[in-house]
Structure formats: structure tokens, C-alpha cells
2 protein chains.
Amino acid sequence: MSATIKDVAKLAGVAVSTVSYALNNSTKISEETKRKVLRAAEELCFRPSGAARNLKKRKSETIGLFLNDLGGPFYSQVIEGVQEVVASNGYNLIVCSTYGGENSSAHRFLREQFVDGAIIMGTAISDSLILQVASESFPIVVLDRALRGDYVHNVLITNEQGAYDAVSHLIKLGRSKIEFLSGPTVAFDNSLRFDGYKRALMEHNLPIPNKISMFGRFVEAGGYQAVKLMIASKQLPDAIFAANDEMAIGAIRALHESGIRVPEDVAIVGFDNINISPIIRPALTTISHSKYEMGAIATQLVFNARKHENEIILPTQLVVRQSCGYKDGLQETDYDAIVASILHVGGRKQN
Amino acid sequence: MSATIKDVAKLAGVAVSTVSYALNNSTKISEETKRKVLRAAEELCFRPSGAARNLKKRKSETIGLFLNDLGGPFYSQVIEGVQEVVASNGYNLIVCSTYGGENSSAHRFLREQFVDGAIIMGTAISDSLILQVASESFPIVVLDRALRGDYVHNVLITNEQGAYDAVSHLIKLGRSKIEFLSGPTVAFDNSLRFDGYKRALMEHNLPIPNKISMFGRFVEAGGYQAVKLMIASKQLPDAIFAANDEMAIGAIRALHESGIRVPEDVAIVGFDNINISPIIRPALTTISHSKYEMGAIATQLVFNARKHENEIILPTQLVVRQSCGYKDGLQETDYDAIVASILHVGGRKQN
DNA sequence: TTGAAAGCGCTAACAT
DNA sequence: ATGTTAGCGCTTTCAA
């Protein structure tokens with residue numbers, strides 16, 4: 001058993017309250033007593049119990065960031081933004097996975113009031129749970145859906161407009177049979193991107209397919225499988241707008257495997273501009289947005305928690321690379337910038 | 001104020017212990033009472049206080065993983081290995097950054113007994129702190145240094161042999177003036193890699209430079225700057241063995257900027273086989289090791305904590321790519337595998 | 001400036 | 001099967 005504050009008090013010959021004050025740098029303790037306490041604490045290897053302190057103070061000074069996949073290519077910049085703002089507020093950050101359903105760490109922490117606020121990205125946490133647990137003492141910011149409720153805030157991106165820009169780009173390059181490579185239809189991001197896709201087709205007087213023929217999860221294998229199926233059905237479009245970059249990369253893999261050229265035969269645009277998108281071949285044309293800002297702003301919102309819901313929408317931007325056949329090749333200078341950005345030289349990452 | 005177990009007891013008309021038992025699925029509670037309690041809890045939106053439970057039970061069923069850089073390219077596979085084993089033991093995992101010195105979240109969690117065990121990777125946590133806090137009730141596994149002490153275990157890799165293999169490879173390809181691009185000299189990994197480098201030179205009767213001329217931190221910019229300096233001094237070697245891949249990539253960037261060809265003029269080998277190493281151009285020849293295993297084994301060690309120190313050493317393997325001029329080009333099939341591995345299709349990642 | 005004591009919300013031993 | 005109660009280790013009010 002490790003020493004408690006009581007043991008320290010006994011050894012130092014003072015009351016427990018005195019030890020508490022001394023250890024927390026209260027001004028009302030004399031220098032001499034403080035030294036005495038510190039020496040006793042040192043001698044006993046005293047380590048305060050966070051659980052006891054949290055219980056008493058009814059807060060943990062910790063913010064939780066809950067993600068689907070801790071190691072995923074998408075999140076690292078978001079995490080940095082969050083980390084920086086949390087630290088500058090003198091708080092702790094814990095990152096944990098939402099993987100595992102009801103028994104995931106994320107669910108447990110959310111339910112058990114372990115953290116004083118949460119940033120959630122990942123559909124594994126249900127809307128109803130979020131609305132249930134959000135409160136004045138527990139603000140929540142959600143990054144991947146529009147969820148309205150007291151003490152629930154949103155940071156979103158211009159999904160619809162981004163998708164519109166992506167598809168318009170394809171149309172400008174002369175493509176006319178453009179398929180949407182869809183993520184899960186329940187995903188909020190996905191449906192807005194689908195809306196933007198339809199609007200672009202409509203405004204350019206192109207027929208809107210009455211059903212999406214390609215589905216998948218938001219992962220590389222999802223894009224791969226969907227496109228494999230499409231190839232088997234021999235109904236290839238001349239362009240694909242993928243709901244995210246991972247799927248786009250899977251699509252490229254599937255096309256390559258069948259000897260179909262990208263962009264010559266089929267052009268591809270993705271969404272998100274993840275770190276390897278500039279590096280794959282052909283480098284992926286995509287819709288970029290600032291993930292660092294997203295994390296930083298979300299965290300600000302947690303600290304400035306107000307009851308009334310707040311919705312912040314960040315802009316997106318088309319990044320033209322090779323997968324639509326616009327540029328001829330990857331320049332060395334581009335290449336260096338890309339590698340640097342992945343390894344995030346220096347402090348804050350660029351988008 | 002949110003409801004406590006007392007409120008639930010009152011509403012349900014039972015004792016607090018009954019509520020506690022009911023909520024924890026004790027068998028000694030009748031079905032009817034249980035239902036009554038559950039209904040009352042629901043009605044009050046009761047959420048148990050983790051802090052109170054942890055205080056009482058004197059454990060949190062949580063393992064902490066402490067890393068230098070949450071978003072870094074190196075860690076994602078380690079995290080997966082840890083995550084999987086932690087979850088399979090029914091525990092929670094929190095990942096947090098060691099960034100910020102004494103006031104970092106990692107330091108606070110380590111000191112305040114928030115977690116029941118820790119896996120540490122990153123020099124920001126001092127040896128003395130680790131030795132101080134490690135105990136039977138708080139085992140620690142360290143991944144990047146050999147640290148001996150009770151309840152402190154190590155998972156390491158064959159750093160020296162890996163470096164030896166890397167440098168021997170360069171020598172076999174006919175290179176003779178081989179520089180070591182060093183990371184921080186205080187880093188344990190770095191010094192072992194330096195040892196392996198020297199042994200390879202010695203065994204092949206090549207002169208060992210009496211000082212390292214290139215230093216840097218373990219980041220891309222460190223490699224870049226060191227090589228820039230070396231170029232300025234006009235003392236170029238015909239090969240560079242970098243202490244890690246990030247530095248190797250920085251070295252390549254610096255060489256490219258000066259029009260020096262890799263591998264024709266200068267061959268490069270790295271260490272770690274991070275996810276973008278196969279993708280940069282030229283694809284990086286490097287020393288690979290299994291990061292997933294590292295995380296998984298480390299976590300096993302936390303759960304099987306025994307007093308006597310345990311040291312596990314994982315093997316490394318040379319992966320030949322383009323940066324030493326061995327292979328002529330990147331094959332399409334390689335390329336697909338690479339992209340898949342970065343996006344980690346499916347569950348467990350390959351090395 | 002220091003001490004005594006109440007209690008944060010829960011678990012679990014013990015009593016019924 | 002359910003109730004009573006004593007703490008877990010700390011902070012903080014109040015008294016001295």
C-alpha cells in the first residue's frame with residue numbers, strides 16, 4: 001500500500017489539512033511547515049490519489065477525445081489541435097477508442113463522468129447517449145454530425161459545397177458519367193457529400209442516377225470492394241467521386257488490378273485530403289479541410305461551453321493533383337512539401 | 001447536480017447497497033428489485049461516479065499508454081497492439097501525450113495513480129520517475145530503453161544487430177565511406193544503433209570515424225538540417241545510415257535539394273520501417289520490426305506483472321527497397337501492398 | 001497559521 | 001434478499 005496524506009501528516013507531525021494545503025501551495029502555510037511536509041512526503045514516496053481528489057472536487061480537469069480509430073490516417077492533425085488547446089488551458093487530455101460498442105472505454109468514460117468534457121468523432125457513440133450525458137458540467141462537441149441539444153456543439157465542414165466543387169471539377173474536365181462511391185448512408189458526412197454531388201450534376205444538366213450503385217464503409221477496403229463489383233458488372237463510369245480519400249484509394253487499387261487506367265479511363269476525386277493522398281500514384285485530387293483547426297476550435301468550444309448549441313462550419317477547398325488528369329506529373333517541389341507535411345516538420349501542421 | 005446512488009435508492013425505496021448490487025448485476029438481488037432500481041436510475045438519468053468507484057475499489061481498470069507524439073507516423077501500429085490486448089482483458093485504455101514536461105498529462109496520471117499500469121514510450125518520462133512510481137499495484141513497461149527495476153519491464157528490439165545488418169548491406173553494395181546520421185546521443189536506441197554501425201565497419205575493415213559528424217533529433221527536420229550542413233562542408237560520404245526513418249527521409253530531402261542523387265551518389269538506409277518509408281521516392285531501404293507485436297507484448301507484460309524485471313527483445317529485419325540502389329523500381333504489386341498496409345485494411349496490420 | 005471534522009459517491013463486510 | 005454502516009483519500013469549511 002502506498003502512503004496516504006494521513007501518513008504524511010503523521011510523519012510531519014501536522015494535521016492532514018495542513019498537508020493538503022502545503023502540497024497545493026496554499027499561501028497560508030508557513031515556509032517551515034511546508035518544508036517539513038514536503039520532506040515527509042518525499043520520504044514516504046507519497047503520491048496523491050487522483051480518484052480521491054476528483055471525487056472531492058467533483059472534476060477531473062481532463063478532457064476526453066473519443067475516436068473510432070486511434071491510429072487512423074485521418075486523425076493525427078485533429079488530435080494535435082485538441083492537444084494544444086487542452087494543454088494551454090492547463091487540462092489533461094485522454095484519447096481513447098470508441099471501438100467495442102457498449103463496453104468500449106469511450107462509453108465507460110462518458111457514462112462515468114471521468115472527464116469534464118468530451119470531443120467525439122465517430123459514429124460508434126449514439127446521438128441519444130450524447131444528448132443524455134451532455135450537461136452544464138459536461139459539454140460535448142461532436143465533429144462528424146449535426147446534433148442539436150443543450151451543451152452539445154458541432155464543428156462541421158462545408159461537406160455539400162466541397163462535394164459540389166469536386167464533381168464540378170470532374171465535369172469541367174469533360175467527364176459526364178460520374179458515379180458516387182458512397183460511404184455508409186447513415187453517415188452524416190456521406191449524405192451531405194451525396195447532396196453536393198447531385199447538385200453539381202443537376203446544375204450542369206447531367207442525369208442524376210436514381211440510385212447509388214456503389215456502397216462501402218469509409219475505409220480503403222470498402223472502396224476497393226465496391227469498385228470491384230462495379231467492374232464485374234461492366235458498367236464503368238468515366239469518373240468516380242468517392243465519399244472519402246480512403247475509399248478513393250481503394251477504388252484506385254481495384255481499377256489498377258483490372259488494368260483500368262486512372263485518370264485516363266476513370267478519373268477519381270476523394271474527400272478529406274489525408275496525409276497519404278498526395279503520395280499515392282496517381283496523387284489524389286481531393287477536397288481538403290483544416291483538421292488542426294477543427295480540433296482546436298472544438299476544444300475551445302468545450303472550454304467555453306454554453307447551453308445554447310453552437311455550430312461552426314469550416315471551409316473546404318479543392319486540391320488538384322493527378323487522379324483527374326489535370327496535372328501531368330508530381331513535381332519534386334510538391335513532393336518534398338508532401339513528405340514534410342506527413343512527418344509534420346515543426347510545430348503546427350499545415351493542411 | 002446529477003443524481004447519486006442515494007437518490008436512486010430513495011426513489012426506488014431500497015437501500016444504497018441494494019442499488020449498488022443491482023447496478024453491478026449481483027446475483028443476490030431479486031429480479032423485481034433489480035427492475036425497480038433500474039427504472040429509478042433511468043428516470044433520474046443516473047450515471048455512476050467513476051471517481052468514487054475507483055477510490056473505493058482502489059483501481060481504475062485502466063491502462064495508460066504514454067507517447068511523445070500522439071499523431072506520429074511511428075506509433076499507430078503500437079497503439080493497435082496495445083488496444084487489442086487491453087480490451088481483451090476488459091480494461092480501458094487511455095492514450096496520452098508526454099509533451100509538456102512536469103505538467104504534462106502523462107506526468108500527472110503517472111503520479112496520481114489514475115491508471116493501474118503504464119506503457120511508456122518516449123524519453124520525456126525520466127528513468128527516476130518510472131522507478132519511483134512502479135510497484136506491485138502499478139507495473140510499468142518501457143519500450144524504448146533498458147531500464148531495470150522492480151515491476152519495470154522492457155520490450156526492446158535488436159537495435160545493434162539491425163544497425164549492423166543495415167550497414168553491412170551498404171558495404172556489400174560497395175559503399176565504403178558511410179556516415180552515421182545520429183539521433184540524440186542520450187537516446188538508448190540511438191546509441192545501440194551506433195554500436196551496430198561501428199561493428200559492421202570494423203568487421204569489414206573499414207575505418208571508423210572518430211566522431212559522428214551528423215546529429216539531429218529523431219525527426220525529419222533533424223535529418224534534413226544535419227545533411228544540409230554536411231553538404232555545405234563538401235565532405236559527402238557515399239552512404240548514410242540514419243538512426244531512424246524520419247531522419248533518413250529528411251536526409252533524402254536535403255540531398256535532393258542540392259541535386260545530389262539517391263542512391264547513385266549517396267545511398268541511404270533508415271531504421272524502423274514507418275508507414276511512408278515504402279512510399280517515398282526512392283523507397284527507403286530500412287530495418288523493419290513488428291510494432292504491433294511490440295504493443296501487444298508490452299501489454300501482456302503489464303497484465304502479468306511480476307516483480308522481477310523482464311526483458312523481451314524482438315527481432316529486426318532488413319527490408320531492401322530503392323534507396324541503396326539494389327532494386328530497379330517499385331513494382332505495382334509492392335505498391336498496392338504498401339497502400340493497403342498504410343490504410344491497414346482489415347484488422348491487424350502487417351509489419 | 002494550523003487543526004478538527006464533515007463529506008464527495010461509491011463498495012462490501014456484516015447484520016438481519 | 002435487503003439494509004446498515006464503515007470507510008476509500010482527499011478538500012475545504014469552520015473553529016481555534
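Letters A, B, ... mirror the listed sequences (proteins, then strands); counts begin at 1. Values in this document were obtained by computation on a predicted structure and should not be read as measured data.
Straight-line distance from the CZ atom of A/Phe114 to the C1' atom of C/dC10: 12 Å, rounded to whole Å. When rounded to the nearest whole Å, the span between CG of B/Asn25 and C1' of D/dA1 equals 16 Å. In this structure, A/Asn54 atom CG and C/dG7 atom C1' are separated by 16 Å, rounded to whole Å. Distance, B/Lys28 NZ to C/dA12 P: 9 Å, rounded to whole Å. Straight-line distance from the CZ atom of A/Arg108 to the P atom of C/dC10: 17 Å, rounded to whole Å.
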Show the distances under 3.5 angstrom between N or O atoms of the protein and N or O atoms of nucleotides 10-12 of chain D.
residue, atom, partner, partner atom, Å
D/dC10, OP1, A/Ser49, N, 3.0
D/dC10, OP2, A/Ile5, N, 2.4
D/dT11, OP2, A/Ser20, OG, 2.7
D/dT11, O2, A/Lys56, NZ, 3.4

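Other residues, nucleotides and ligands contribute only 12 or fewer heavy atoms inside 6.0 Å of the OH atom of B/Tyr99. Surrounding CD of B/Glu311 are more than 12 heavy atoms belonging to other residues, nucleotides or ligands, all under 6.0 Å away. Within a 6.0 Å radius of CZ in A/Arg217, no more than 12 heavy atoms belonging to other residues, nucleotides or ligands are found. For NZ of B/Lys59, the number of neighbouring non-hydrogen atoms (other residues, nucleotides, ligands) closer than 6.0 Å is 12 at most.
Contact detail for A/Arg145 and A/Leu156: the closest heavy-atom pair is O-CD2, 3.6 Å.
Of the residues in residues 29-37 of chain B, those placing a heavy atom less than 4.0 Å from an atom of DNA chain D are B/Ile29, B/Ser30, B/Thr33, in numerical order.
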Item to complete: For salt bridge (Lys or Arg N to Asp or Glu O under 4.0 Å), just list the numbers for A/Arg53 and B/Glu112, CA-CA rounded to whole Å, side-chain angles, deciding distance to a tenth of an Å, and then say yes or no.
Response: CA-CA 9 Å; A/Arg53 190 171 51 77; B/Glu112 299 195 350; 2.8 Å; yes

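Here salt bridge (Lys or Arg N to Asp or Glu O under 4.0 Å) pairs that include residues 7-22 of chain B, with residues two or more places apart or in two chains, number zero.
Electrostatic pairing of B/Glu136 and B/Lys307 does not count as a salt bridge here, judged by no charged N lying under 4.0 Å from a carboxylate O.
Of the side-chain N and O atoms in A/Arg58, one or more sit less than 4.0 angstrom from OP1 or OP2 of C/dG9.
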